[in-house]
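Input: a single structure, listed below in structure tokens.
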Amino acid sequence: KSDSAQENLVQLTRITDVLTKANIDANGSVEDFAKALTTKAAAASRLAGISLEETTGVLEAFSSQGLKGKRAGEAYAIVLRDLMSKARENKPAFDALGVSVYDASGAFSGWAPIVGQIEKSLDGMSVEQANATLATLGFTAAGADDRTGSPATTPEEGGRPALGDLGGLRPWLDERGMTLEGFLVAD
């Protein structure tokens with residue numbers, strides 16, 4: 001927040017632009033993204049030092065998988081909280097897989113590098129092996145689904161993928177010929 005009316009106008013314009021871009025790029029409305037941000041996503045990201053643009057990029061992927069509005073904001077906050085706490089609790093396992101949730105200064109590394117590292121560590125594994133590997137990090141697909149009110153199903157049963165896929169972010173990008181890094185830093 002700023003006492004400057006000009007700075008507030010600049011920030012309001014930025015927020016409007018980000019929400020409008022999300023509306024155009026994804027299967028969700030400006031209202032869906034605003035609800036997700038105001039529910040819990042923006043507060044969780046602010047505490048972690050994650051930009052509005054990066055947060056909204058992840059919410060776009062959630063939206064394309066049918067997770068929208070308030071539920072998306074809650075799910076985002078849960079995934080972020082769990083990722084950060086599991087990285088601290090299971091640091092040796094994260095280190096062994098080459099997954100760095102925090103940079104050298106202790107700041108959140110960013111969704112793109114983290115998802116890339118998780119994907120690289122899971123590359124070539126069967127679903128069973130990937131789920132077992134994610135379990136060594138402290139994650140279960142059912143656990144995240146239970147807290148967001150969705151049925152706990154496996155990807156084979158049509159359920160949402162485990163954390164390594166960030167709610168379907170990577171397949172959603174692949175379908176569009178996009179990379180995560182390019183998507184999160186795109187104008």
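Only this structure's heavy atoms are used, side chains among them; waters, hydrogens and symmetry mates stay out. This chain uses plain numbering: 1 for the first residue, then up along the sequence.
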With sequence neighbours left out, write down each residue that passes side chain to side chain contact (heavy atoms under 4.5 Å, CB included) with [X], or none if nothing qualifies.
X: Lys120; value: none
X: Asp103; value: Ser105, Ala107, Ser109
X: Lys86; value: Glu89, Asn90, Phe94, Phe139

Would a 4.5 Å heavy-atom cut-off, applied to side chains only, mark [X] and [Y] as touching?
X: Ser45; Y: Glu54; answer: no
X: Phe62; Y: Arg71; answer: no
X: Thr55; Y: Leu80; answer: no
X: Leu83; Y: Phe108; answer: yes

Taking Glu119 as the fixed residue, which of Asp123, Leu122, Val115 is the one that meets the side-chain contact (heavy atoms from CB on, under 4.5 Å) rule?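 Exactly one pass, corresponding to Val115.
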
Go through the side-chain N and O atoms of Thr39 and Tyr76 and say whether any donor and acceptor fall under 3.5 Å apart.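 Tyr76 and Thr39 do not have a side-chain donor-acceptor pair below 3.5 Å.
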
Tell me the closest heavy-atom pair linking [X] and [Y], and the distance in Å.
X: Leu97; Y: Ser121; value: O-CB, 3.7 Å
X: Lys40; Y: Ala77; value: CB-CB, 3.7 Å
X: Leu59; Y: Ala72; value: CD2-O, 3.8 Å

Taking Leu47 as the starting point, is it possible to reach Trp111 by hopping between hydrophobic residues whose side chains are less than 4.5 Å apart?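 Cluster IDs for Trp111 and Leu47 differ.
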
Should the heavy atoms of other residues, nucleotides or ligands under 6.0 Å from CD of Glu31 be counted, would the total exceed 12?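 Atom CD in Glu31 is not crowded, with 12 or fewer foreign heavy atoms closer than 6.0 Å.
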
